[in-house]
Amino acid sequence: MASTAVSKYQNHRRFALSWCIGIIGGTLLFFEQVPLAWLLGSMVASSIAALSGLEITTWIRLTPWARCVLGVMVGTGITPIPMAELISYGVTLAMVPLFLLGSISLNYWMLRRMFRQNAATALFSALPGGMVEMITTGREYGADPKFLTTVHLIRVIAIVAGAAFLGAMVGLADFRMQTPAWDHWQYVPLHLLLGVVGWRVGVRLRIPSASLLAPMFMVTALQASDVLHMQLFTPLIIVAQVIIGIDIARSFNGVSLRAMRIPFIAAGMSVLVMTAVLAVLALAILTLRTDLPLIQVVLSFLPGGQTELALLAFALKLDLTFVVTHQIFRIALIMFSLPLFIVWLTRWRRPDDSSSR
């Protein structure tokens, strides 16, 4: 009994410490007027703490609820897509497969030749799909889980942080959404109800990233049909960002800086490769569509966390419909192509690729 009580006390202590670190990190970036301050601040501060040897922990059941909250929030900013507008997306949507082909091919070659990773590790590290899906599927086919997890986590953090600072540099940030205010508190029950209903329906319909995308689609439809007029309670949005930031960071528990050296370099080079491919395509897109802001094009193609990029687009007051449509198309292409990648991997990899090098 005594040992159980001590264990519970230690768990509660680690939980409280993790949240204190996350909130302090978010608060510091908020006062520095950084876009997406609460998410980035909690994520970076908690990651540093985890890499320093502290055990970052949270109640993992909170994470899908946080995604529901943010899904509903993003849905309030999306407008229905008229057919003429959807057709106008054709030029930029056609660039998504080109971006994927270029970035996956170059990253796979780099990870195989320069970092000497086996075929499975190189492939699933190069695929810019959902982080959780790539890590879990890659593990099943012989990928190095530590290398794979570290590369994807560092890539997401680097991309989201870089996009946020790019937004600040071009002067598009609107910081009012991040400011805690007690207006519209009466919408909290409805906000949570819409989130969980959309999430459950999305799971039944097998929608990818159901906790985020299903509430987002449902709220978009309700607002478009003039049934719903949702107002946002900013403290709820802030708490959701902190939850996701801490949840991402806890994956660094037990990882030493020494062990991260090679994956860190690989992730950094992977981001550079994707940025170079995106720069070429962005130049082509802006030549064809001069009406599009650069930051909007960048957020539409970046293979970061879907939740984080949608939230950043919302904070920067960009065309959410445009950004989310391209992000969903990217994820869909990856998920539908995944069986083909797996067939190729199992058929053509050499016998010495069965384990990481």
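Predicted model only: the values in this text are computed from it and were never measured.
With respect to F124, the side-chain contact (heavy atoms from CB on, under 4.5 Å) criterion is satisfied by exactly one of L148, L111, V151: L148. A side-chain contact (heavy atoms from CB on, under 4.5 Å) with F301 holds for exactly one of R330, Q327, M95; it is M95.
In this model, a donor atom of one side chain and an acceptor atom of the other lie less than 3.5 Å apart for R155 and S270.
Without hydrogens or angle criteria, N253 side chain to E55 main chain gives no donor-acceptor distance under 3.5 Å. No side-chain donor-acceptor contact under 3.5 Å links H191 to the backbone of L232.
In this structure, L333 is a member of the same hydrophobic cluster as W344, with clusters built from ILVMFWY side-chain heavy atoms closer than 4.5 Å. If you chain together hydrophobic residues whose side chains sit under 4.5 Å apart, L288 and L93 fall into the same group. Hydrophobic clustering of Ile, Leu, Val, Met, Phe, Trp and Tyr side chains at less than 4.5 Å, counting indirect connections, keeps I21 apart from L28. With hydrophobic clusters built from ILVMFWY side chains whose heavy atoms lie under 4.5 angstrom apart, L106 shares a cluster with L98.
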Could you give me the CA-CA distance, side-chain angles and deciding distance for R250 and T57, then say whether side chain to side chain contact (heavy atoms under 4.5 Å, CB included) is met?
CA-CA 6 Å; R250 71 186 181 86; T57 185; 5.9 Å; no
For V196 and W65, what are the C-alpha separation, side-chain angles and deciding distance, and is it a side chain to side chain contact (heavy atoms under 4.5 Å, CB included)?
CA-CA 7 Å; V196 72; W65 281 91; 3.8 Å; yes
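Taking the side chain as every heavy atom from C-beta outward, V91 and I285 never approach each other to under 4.5 Å.
Taking each heavy atom of L292 and Q296 in turn, the nearest pair found is CD2-NE2, 3.7 Å.
Within 6.0 Å of CD1 in I60 there are 12 or fewer heavy atoms belonging to other residues, nucleotides or ligands.
Remark: F217 engages no residue in a ring-ring contact (aromatic ring centres under 6.0 Å, His included) (not counting sequence neighbours).
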